[in-house]
Amino acid sequence: MSYFNELAYQYIDGEWLTGSGSWDIIDINPYNGEKLSSITVATSLEVDRAYRAAESAQRAWAATGAYERRAVLSRAVDVVEEQYEAIVGAIVDELGGTRVKAEYEVRLCQELLRAAAGQALRPMARLLPSPVDGKENRVHRVPVGVIGVISAFNFPLLVTMKSVAPALALGNAVVVKPHQRAPIVGGGLVARIFEEAGLPAGLLNVVVTDSAEIGDAFIAHPVPRVISFTGSDRVGRHIAATASGLFKRVVLELSGNSALVVLADADIDYAVQAAVFSRFLYQGQVGMAANRILVDRAVEAEFTERFTAAVAGLRTGDPRDPDTRIGPVISAVQAEALTALVDQAIADGAMALVRGRTRGNLVEPTVLTRLPENSPLLVQEIFGPVALLVPFDGEEEAVRIVNDSPYGLSGAVHTRDVERGVRFARRIVSGMFHVNDSTVQDDPLVAFGGEKMSGMGRLNGEAAVEAFTTQKWISIQHGRTSFPL
């Protein structure tokens, strides 16, 4: 089963439509250059139609019983299970993800949908006491209305679902603008899953387009009350500025510069495994990836030897080959940028312990060490298979190095003393930090998000409730108030 031709459309008010733009987005397999689909872009007219359809459908959906909403989310889980192999194949073809990456993403998506189904039944009102005799205070959680979702290319199915699933469960409607390099997995496929799950028309709409065509129309449209965006901090800053001027709420999941820290008492073999996964999952094109791997000098030599051997053994090639661990990066532009970045780092004094070749969009893993303290690589996000080894002397220096970054998304520390790891984690300015595990973590019940330039707001669990509902106070006076005037 292939989704690429049948889903290469806009999805608005329950209909699969052709955009009215004058040009097409060409969806290309990043490994072999095969054209997967061609989608005529949506214009601001389609954006308006999608938002109006969502606005109209949302009122009835908000009034629908919680069990009915849960049933739709539960059927969506079944659809994903039934189409598991086709979805995995689509992720491999459209994104260049290996099967390991694809299955990881689909499993997380299934858990997210199950959690969202449960959210539909959560209590949506509280009774609060009042100092006034006879006064009853009811505080209701109500849907915000319509949410605009702009998703990323790296985990497009999961990233889109992280907003769409809880938003729908809580009584909202959604319009999705998928990334141009993932229009099917991040857009059309999501629409198809919910269409087959029986979601009423208009509640989920997908517009495939580009800011070059619509400008800020997706953000500035008067209907959406929340904009949920996953992507770079540069674009996130613009979205935040535009939305806040219109009194819209934003949820921003942005860039990262995460660190994995290996303390002197760590289990070295296990830390190596965690570091390889944290840095090289999906070719390092993951916001939570361990850009920096910090190692105590007491174990630097041992860790470095084992880590470089493990990295050198990672097979780069066709993502459909089950033995492949590193597939293509998303585009030739990204491959060229990564190659130039490594060349410049070496010219500036860094040492390459492993130096991968670049063949088309295939960028083999590289491990750099001895970076100058002022190297820009140490404070930026590297969206590719390039690992930086940074030695340190003791915990104080490790904490300083980890926090010396404009970003604060994720991180990890490895130590045989769990409480030592917890104390370390509490000193790091980040939204998420993990003890004796990888930096790449997601749990549908736990708040997900970053600090500093890594974002605003949180998703998952109760955080999604905060993001996609608002509070309404209704008071009832059972007696008679004595008014002073």
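As the structure is a computational prediction, the values presented were derived from the model and not from experiment.
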Residue set satisfying side chain to side chain donor-acceptor pair (under 3.5 Å) with S151, at least two apart, ordered chain then number -> T160
#### Entry: More than 12 heavy atoms of other groups within 6.0 Å of M456 CE
no
Check R181 with D27, please: is the shortest side-chain N to carboxylate O separation under 4.0 Å?
no
Quiz item: Taking the side chain from K472 and the backbone from V142, do they hold a donor-acceptor pair closer than 3.5 Å?
Solution: no
- Task: Before accepting this row, confirm whether a basic side-chain N of the pair R292/D404 lies closer than 4.0 Å to the acidic partner's carboxylate O.
- Result: no
Salt bridge (Lys or Arg N to Asp or Glu O under 4.0 Å), that's the test. Do E6 and R192 meet it? Break it down for me.
CA-CA 10 Å; E6 61 180 281; R192 171 58 58 83; 2.7 Å; yes
Separation between OG1 (T439) and CE (M288), nearest 0.5 Å, reads 7.5 Å
Rounded to the nearest 0.5 angstrom, the CE-CG distance for M124 and L170 is 5.5 Å
Requested in this report: Check the pair E196 / Q83 against side chain to side chain donor-acceptor pair (under 3.5 Å), numbers first and verdict last.
Outcome: CA-CA 11 Å; E196 294 191 11; Q83 300 184 16; 2.8 Å; yes
| request: Flag the pair R315 and D321 as a salt bridge only when some basic side-chain nitrogen lies within less than 4.0 angstrom of an acidic carboxylate oxygen. | output: yes
Next item on the list: For the pair Q119 (side chain) and G461 (backbone), establish whether a donor and an acceptor sit closer than 3.5 Å, ignoring hydrogens and angles.
Entry: yes
Side-chain donor/acceptor of K452 to backbone N/O of S405, under 3.5 Å: yes
Q.
Donor-acceptor pair, distance only, cut-off 3.5 Å: does the side chain of Q471 make one with the backbone of H140?
A. no
Stepwise side chain to side chain donor-acceptor pair (under 3.5 Å) check, H179 with N154: CA-CA 9 Å; H179 194 281; N154 55 349; over 6 Å; no
Value for OG1 (T98) from CZ (R320), rounded to nearest 0.5 Å, stands at 12.0 Å
- Heavy atoms of other groups near Y9 OH, more than 12 under 6.0 Å: no
**Message:** Between Q10 and V206, is the side-chain contact (heavy atoms from CB on, under 4.5 Å) condition met? List the steps.
**Reply:** CA-CA 6 Å; Q10 316 296 329; V206 174; 5.7 Å; no
| said: What I want to check is whether the side chains of Y3 and E94 have a donor and an acceptor closer together than 3.5 Å. | reply: no
Basic-acidic side-chain contact under 4.0 Å: R225, E55 = no
(request) Given side chain to side chain donor-acceptor pair (under 3.5 Å), test W16 with E195 step by step and report yes or no. (result) CA-CA 11 Å; W16 297 93; E195 182 182 52; 3.2 Å; yes
Problem set entry | Minimum side-chain heavy-atom gap R458-F448 below 4.5 Å | no
Query - Side-chain donor-acceptor pair present, N205, R49, cut-off under 3.5 Å - result: no
Tabulate below the donor-acceptor pairs under 3.5 Å that side-chain atoms of residues 325-337 make, not counting sequence neighbours, or state none.
from, atom 1, to, atom 2, distance (Å)
R325, NH1, P322, O, 2.9
S331, OG, Q334, N, 3.1
Q334, NE2, F383, O, 2.5

| task | Without swapping roles, check the side chain of N172 against the backbone of A167 for a donor-acceptor pair under 3.5 Å. | result | yes
Looking at T209 and A42, would you say the former's side chain and the latter's main chain have a donor-acceptor pair under 3.5 Å?
yes
> Do D216 and H221 meet the criterion of a side-chain donor-acceptor pair at a distance under 3.5 Å?
Replying inline: no
Worksheet item: Any ion pair linking R122 and E462 (charged N to carboxylate O, less than 4.0 Å)?
Response: yes
**Report entry** Full working for side-chain contact (heavy atoms from CB on, under 4.5 Å) between S163 and L459
**Finding:** CA-CA 7 Å; S163 293; L459 291 173; 3.9 Å; yes
Has R357 got a side-chain atom pairing as donor or acceptor with E364's backbone, closer than 3.5 angstrom? no
- Task: Carefully, step by step, assess N460 and D442 under the rule side chain to side chain donor-acceptor pair (under 3.5 Å).
- Result: CA-CA 9 Å; N460 292 355; D442 204 343; 2.8 Å; yes
Under 4.5 Å between any side-chain heavy atoms of S44 and D48, yes or no?
no
Listing, residues 33-41 side-chain donor-acceptor contacts under 3.5 Å, not counting sequence neighbours, or none:
from, atom 1, to, atom 2, distance (Å)
S38, OG, D24, OD2, 2.9
T40, OG1, D24, OD1, 2.8

The side chain to side chain donor-acceptor pair (under 3.5 Å) partners of T43 (sequence neighbours excluded) come to S20, E46
Are any side-chain N or O atoms of R279 and backbone N or O atoms of A387, one a donor and one an acceptor, separated by less than 3.5 Å?
-> no
d(E381 CD, D233 CG) to nearest 0.5 Å is 7.5 Å
Discussion item. Show, in sequence, the C-alpha distance, side-chain angles and deciding distance for Y282 and Y104, and conclude whether the ring-ring contact (aromatic ring centres under 6.0 Å, His included) test is met.
Written reply: CA-CA 10 Å; Y282 188 43; Y104 180 75; over 10 Å; no
Do R75 and E82 meet the salt-bridge criterion of a basic N to acidic O distance under 4.0 Å? no
Applying side chain to side chain donor-acceptor pair (under 3.5 Å) to S454 and not counting sequence neighbours gives none
- Looking at E111 and R107, does any basic side-chain N land under 4.0 Å from a carboxylate oxygen? no
CA sep, side-chain torsions, deciding dist, call: L95, Y31, side-chain contact (heavy atoms from CB on, under 4.5 Å):
CA-CA 9 Å; L95 312 178; Y31 172 68; over 6 Å; no
- Task: May I ask you to check if K162 and F155 form a cation-pi contact, with NZ or CZ under 6.0 angstrom from the six-membered ring centre and within 45° of the axis?
- Result: no
Does D13 form a salt bridge (Lys or Arg N to Asp or Glu O under 4.0 Å) with R52? I'd like the steps, not just the answer.
CA-CA 9 Å; D13 203 12; R52 298 300 177 186; over 6 Å; no
CD1 (I147) and CD (Q58) are apart, to the nearest 0.5 Å, by 9.0 Å
Residue set satisfying side chain to side chain donor-acceptor pair (under 3.5 Å) with T324, at least two apart, ordered chain then number -> none
ask   = Counting N and O atoms only, with roles assigned by atom type, does the side chain of T242 sit under 3.5 Å from a partner on the main chain of I239, one being a donor and the other an acceptor?
value = no
Show the numbers, then the answer: is there a side-chain contact (heavy atoms from CB on, under 4.5 Å) between Q441 and F433? CA-CA 9 Å; Q441 301 283 329; F433 209 84; over 6 Å; no
**Item:** Donor-acceptor pair between T358 and T339 side chains, under 3.5 angstrom
**Value:** yes
When rounded to the nearest 0.5 Å, the distance separating CZ of F468 from CZ of R249 is 9.0 Å
